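Predicted, not measured: the structure shown is a model, and the values here were computed from it. Throughout, a chain's letter reflects where its sequence line sits, starting with A, and its residues are numbered from 1.
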Protein chains: 2
Amino acid sequence: MSPLPSGLLGDLDPTSDRAVFRQIADQLREAIDRGRFHEGDKLPSEADLVDHYGVSRMTVRNSFSILQGEGLVHAEHGKGVFVRPRPPVRRLASDRFARRHREQGKSAFIVEADAAGSHPQVDSLEVKEEKASPDVSARLGSVRRVLARRRRYLLDGRPVEFATSFLPLDIARGTQIAEPNPGPGGIYARLEELGHRLDHFEEEIRARMPSPAEVKTLRLASGVPVIHLIRTAFDGEGRAVEVCDTVMAADAYVLSYQLPAT
Amino acid sequence: MSPLPSGLLGDLDPTSDRAVFRQIADQLREAIDRGRFHEGDKLPSEADLVDHYGVSRMTVRNSFSILQGEGLVHAEHGKGVFVRPRPPVRRLASDRFARRHREQGKSAFIVEADAAGSHPQVDSLEVKEEKASPDVSARLGSVRRVLARRRRYLLDGRPVEFATSFLPLDIARGTQIAEPNPGPGGIYARLEELGHRLDHFEEEIRARMPSPAEVKTLRLASGVPVIHLIRTAFDGEGRAVEVCDTVMAADAYVLSYQLPAT
DNA sequence: CTTGCCCACTCGTCTATACGAGTAAGCGTG
DNA sequence: CACGCTTACTCGTATAGACGAGTGGGCAAG
């Protein structure tokens, strides 16, 4: 409850049109931007700010909720409000599915994370046959039922990505693709062994705020959007052989693409 | 102030651990998901919900603020709270910079929007020389000063994208690239005329919540993230000849990429 | 010294109230 | 009919207070 160091935060402008709680949010944001608070630092407590500005607690909380929505800070019950640290990001290059990366036994995710010095994990493995959603059905060319492979990826214990692959039953049923462990090189290697030489991929990218279910699965802080990526894999005959629906914590990813100028 | 149609929203569960304002948000979200409220529909007013649930107004407002953060609804002062309509999306295909699209006179944005039946606009045009940021400088290969071309794109009057192109001065200075109107085919056509035949592009994609400045420029509703795309164009000699920094309203875009399976 | 409790501090939830300001419709006046 | 006012309804902002619950340090008992 010690008073705030003077000069750290300014005063309110009573003549301003800007709402008090916005002014407070502005000052905190600026202090963070200027480096007066660093990643992981604790901001002044609600009580501190109530004293400093002479406003009610709800007003201060209102300010914090703005910054939370911007993804700048996060509150921890019983501890305080902290500047949200930027987690290490995972870069996804557009050649990540190149055939040469498929030769080794381990999955691309594991190899790459190990190389980056992180501890990778894959869980929530679920493999089952199910009815195709209208969207998946359309992408796979009017299939009714599909094989769905769901898994969640974690980096150093933090969930960063949730992915589901959908494959037509006439391709996947009875093969190793339908097994929890698809073997070295993953399902793409198996698809090629089955005669579906991969020709190209199509990826659709959206960004949006997460659903409550996604917040839970990815343990997302408030103010963190998700990147929603839908990849369709085509074989040499132009047939869609897999649709992969991926939801990623946006603060953990940078996608990178190489495009020919053709 | 007429009572809510019964059955539209349920009751609270006082035995639940879940906070009251979350329960209310859950019920509203579910009602929206189930189609009881459609895009653009007005939700029950704060006063309606206060009566219906027997809670205080701040609790109801708290519920609305959750849904607002999720990008599901938006409030209009004096009118009510509405289900946020999904705006028409602009699809960006990875071949959008293909040479064949550059032959016509009009810019890709205008052509494409016209074709989609929308009314395109470009404003905030600013062209000037300035100091390169460390990031831009690194991408362009240690240049100190650059030509910056800023513009904002609007679709049917709504700002959807804000982009800045940075070009090395030794390439752009004194050419038509430094003019407000770069001529038919845009700056890429001019670059090729200047002997920089474009070889490939590299695009980096991030998603995050917008800064206050971005909220203003793009007139973003709360709960709408931005897609941040940084494209670098390389000529045949492997030199980076342009960096384009683009911030897009995420609810207005789907990015689409074709990748070879190599 | 170790264990366990208490307490101070933190954010989380909720109530009740007040006034301001934007919107739209109705109504009366000119 | 047209204009402007009133009024009711809407969300926005802010205050003051209460209790709950998670956290961590200090202190006292064993």
> Report yes if the side chains of A:Val247 and A:Leu229 come closer than 4.5 Å at any heavy-atom pair, otherwise no.
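No. Closest side-chain heavy atoms not under 4.5 Å.
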> Return the nearest nucleotide to the side chain of A:Val20; candidates are D:dT13, D:dA14, C:dC11.
D:dA14
> Counting side-chain heavy atoms from C-beta on, which of D:dA16, C:dT10, D:dA18 comes nearest to A:Arg57?
D:dA18
> Rounded to whole Å, how long is the line connecting atom CD1 of A:Ile24 with atom C1' of D:dT15?
13 Å
> What's the CG-C1' distance between B:Leu49 and C:dC14, to the nearest Å?
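Interatomic distance, CG of B:Leu49 to C1' of C:dC14: 16 Å.
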> Is A:Arg150 reaching over with its side chain to a backbone N or O of A:Ala148, donor-acceptor style, under 3.5 angstrom?
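No, because the side chain of A:Arg150 does not come within donor-acceptor range (under 3.5 Å) of the backbone of A:Ala148.
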> What's the closest nucleotide to the side chain of B:Ala47 if the choices are C:dT10, C:dA16, D:dT10?
D:dT10
> Among C:dT13, C:dA24, C:dG12, find the nucleotide with the atom closest to the side chain of B:Lys79.
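Between C:dT13, C:dA24, C:dG12, the one nearest the side chain of B:Lys79 would be C:dA24.
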> From C-beta outward on A:Thr59, which listed nucleotide comes closest to its side chain: D:dA14, D:dC11, D:dA16?
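Comparing D:dA14, D:dC11, D:dA16 against the side chain of A:Thr59, the answer is D:dA14.
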> What is the separation between atom NE2 on A:His74 and atom C1' on C:dC11, rounded to the nearest whole Å?
13 Å
> Rounded to whole Å, please give me the gap between CG in A:Asp51 and P in C:dC9.
12 Å
> By nearest nucleotide on DNA chain C, pick out whichever of A:Met58 and A:Gly80 is the more 5' one.
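Closest to the 5' end, via its nearest nucleotide, is A:Gly80.
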> Given atom CZ of A:Phe64 and atom C1' of C:dT13, what is their separation to the nearest angstrom?
17 Å
> Of the options C:dC14, D:dT15, C:dT10, whose atoms approach the side-chain atoms of A:Val55 most closely?
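Nearest nucleotide to the side chain: D:dT15.
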> Just by distance, with hydrogens left out, do B:Ser222 and B:Gln68 show a side-chain donor and acceptor under 3.5 Å apart?
yes
> How many Å lie between CG on A:Asp17 and P on D:dA14, as a whole number?
12 Å
> Where the side chain of B:Ala75 is concerned, which of D:dC11, C:dC11, C:dT15 is the nearest nucleotide?
D:dC11
> What's the CZ-C1' distance between A:Arg18 and D:dA14, to the nearest Å?
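Interatomic distance, CZ of A:Arg18 to C1' of D:dA14: 16 Å.
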> Take atom CZ of B:Arg61 and atom P of D:dA14, then tell me their distance rounded to the nearest Å.
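That distance rounds to 11 Å.
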> Is the closest side-chain donor-acceptor distance between A:Glu161 and A:Tyr253 under 3.5 Å?
yes
> Just to be sure I understand the rule, does A:Phe21 reach a base, reach only the sugar-phosphate, or reach nothing, if contact means heavy atoms closer than 4.0 Å?
sugar-phosphate
> Is the backbone N or O of B:Ala113 less than 3.5 Å from a side-chain atom of B:Arg90, with the two atoms forming a donor-acceptor pair by type?
no
> Look up atom CD in A:Gln23 and atom OG in A:Ser16, then write down how far apart they are to the nearest 0.5 Å.
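It comes to 4.5 Å.
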> Looking at every strand, decide which applies to A:Arg22 at a 4.0 Å heavy-atom threshold: base, sugar-phosphate, or nothing.
sugar-phosphate
> Among D:dA21, C:dT15, D:dA14, which nucleotide has an atom closest to any side-chain atom of A:His77?
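So the nucleotide nearest the side chain must be D:dA21.
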> Can you check whether A:Ser56 has a side-chain N or O nearer than 4.0 Å to OP1 or OP2 of D:dA14?
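The answer is no; no side-chain N or O of A:Ser56 sits under 4.0 Å from OP1 or OP2.
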> Ignoring the backbone of A:Glu46, work out which of D:dC11, C:dG12, D:dA14 is nearest its side chain.
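The closest nucleotide is C:dG12.
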